[in-house]
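Data block below; observations after.
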Amino acid sequence: MAQEKKEKRRVAIMEAAVKAFSQLGYHACTMNQVAREAGVADGTLYLYFESKEDLLIKAFKHVIGNLMELLDKELVQFNTPADKLKRIIELHFQVMENDPSLAGFMQFQLRQPDPSIRQAIRRPLSSYARRIEKVIEEGHKTGDFRASLGARAMRRLIFGGMDETVSAWCFRGEKDSLADKAGPLLDAILHGLAAK
């Protein structure tokens, strides 16, 4: 029971960090501000995280882990590579639209200038991107997608399209639905991927 309570607090602190880093920016935000957002004493953060950098990295891994868990549950419901790809894009946009703080956090951290932080978030981000690549590889095997278009290159194109769409929505303060942008993005991608 004590371990469960400790884990809940650790998750609550990471979620508070996502919100605080999104609103204030990682470099401007202090651990005190994260503690206030989490509703805990300043020193409590250091019982769970070594430093602000450690908190950022673990919060990023937590966010990506949640996205992948959600994605894995969703994708088993779809049979074709095109439907799976559509669901990946839709789900990504829905999650970001439903939590603008999370969207801001993701977009800022993907552009993190600190090399040690960039290196630390690369692995979980690669795991997430690999989900896209696996769907493309599946499409190559079924003949739904052109095999001449490499899976890695297409994954970069798709993830880049998702990233740019969310960035524009976040940073330009667009008011329209982010989730509604999934269809047009998918349409553009599938016309490039479709087998002749």
In terms of heavy-atom contacts, Ala59 and Val18 come closest through CB-CG2, 4.2 Å
Closest heavy-atom pair, Pro81 versus Val135, reported as atoms and distance to 0.1 Å, is O-CG1, 3.3 Å
More than 12 heavy atoms of other residues, nucleotides or ligands under 6.0 Å from CD of Glu53: yes or no? yes
inquiry  = With salt bridge (Lys or Arg N to Asp or Glu O under 4.0 Å) as the criterion, how do Glu137 and Lys134 come out once you've worked through the C-alpha distance, each side chain's angles and the decisive distance to 0.1 Å?
reply    = CA-CA 5 Å; Glu137 288 168 350; Lys134 282 174 70 176; over 6 Å; no
Between Asp54 and Ser51, do the side chains contain an N or O donor and an N or O acceptor separated by less than 3.5 Å?
no
Rounding to 0.5 Å, atoms CD1 (Ile136) and CZ (Arg155) come to a distance of 8.5 Å
Item checked: Flag, side chain of Lys19 to backbone of Leu102, donor-acceptor distance under 3.5 Å -> no
Correct closest heavy-atom pair for Arg131 and Ile88 would be O-CD1, 4.2 Å
- Query: Under 3.5 Å, side chain of Ser22 to main-chain N/O of Ser101, donor-acceptor pair present?
  - Reply: yes
How about Arg111: does its CZ atom have over 12 heavy atoms from other parts shown lying under 6.0 Å from it?
yes
Residues passing the ring pair (Phe, Tyr, Trp, His ring centres under 6.0 Å) test with Phe21, sequence neighbours excluded, are Tyr26
query = Got a sec: does the NZ of Lys86 have more than 12 other heavy atoms crowding it under 6.0 Å?
reply = no
_Using the rule given for salt bridge (Lys or Arg N to Asp or Glu O under 4.0 Å), can you reason through Lys8 versus Glu4, listing the C-alpha separation, both sets of side-chain angles and the distance that settles it, and then say yes or no?_
CA-CA 6 Å; Lys8 280 184 180 176; Glu4 186 181 326; 3.7 Å; yes
Compute the ring centroids of His27 and Phe108, then answer whether they are less than 6.0 Å apart. no
(Q) Just checking Arg118: does its CZ atom have more than 12 heavy atoms from other residues, nucleotides or ligands closer to it than 6.0 angstrom? (A) yes
Rounded to the nearest 0.5 angstrom, the CZ-CD distance for Phe93 and Glu90 is 10.0 Å
Check: Can you find a heavy atom in the side chain of Met31 that is under 4.5 Å from one in the side chain of Leu55?
Finding: yes
- Task: Determine the interplanar angle of the Phe60 and Phe105 rings, folded into 0 to 90°, and report it as parallel if under 30°, tilted if 30 to 60°, perpendicular if over 60°.
- Result: tilted
dist Ile89:CD1 -> Leu185:CG (nearest 0.5 Å) comes out at 4.5 Å
Would you say Glu97's side chain and Leu178's backbone share a donor-acceptor pair under 3.5 angstrom? yes
Value for CE (Met96) from CE (Met106), rounded to nearest 0.5 Å, stands at 4.5 Å
Checking Arg10, Arg9, Lys5 against Glu7 for salt bridge (Lys or Arg N to Asp or Glu O under 4.0 Å), the one that qualifies is Arg10
Value for CZ (Phe171) from CD (Glu164), rounded to nearest 0.5 Å, stands at 9.5 Å
(message) Counting only heavy atoms not in Lys58 (residues, nucleotides, ligands), do more than 12 fall under 6.0 Å from its NZ?
(response) yes
Checklist entry - Does any N or O in the side chain of His140 come within less than 3.5 Å of the main-chain N or O of Arg146, such that one atom is a donor and the other an acceptor? => result yes
When you measure from the side chain of Arg87 to the backbone N and O of Phe78, does any donor-acceptor pair fall under 3.5 Å?
no
So CG of Leu85 and CG of Asp144: to nearest 0.5 Å the spacing works out to 11.0 Å
Applied to residues 32-46, the side chain to side chain donor-acceptor pair (under 3.5 Å) test, sequence neighbours excluded, yields Thr30-Gln33
With the 4.5 Å side-chain cut-off for hydrophobic clustering, are Leu24 and Val63 part of the same group?
no
Original post:
Under 3.5 Å, side chain of Asn98 to main-chain N/O of Gln94, donor-acceptor pair present?
Top reply: yes
Distance only, no hydrogens: is a donor on one side chain within 3.5 Å (strictly under) of an acceptor on the other, for Asp163 and Gln107?
-> yes
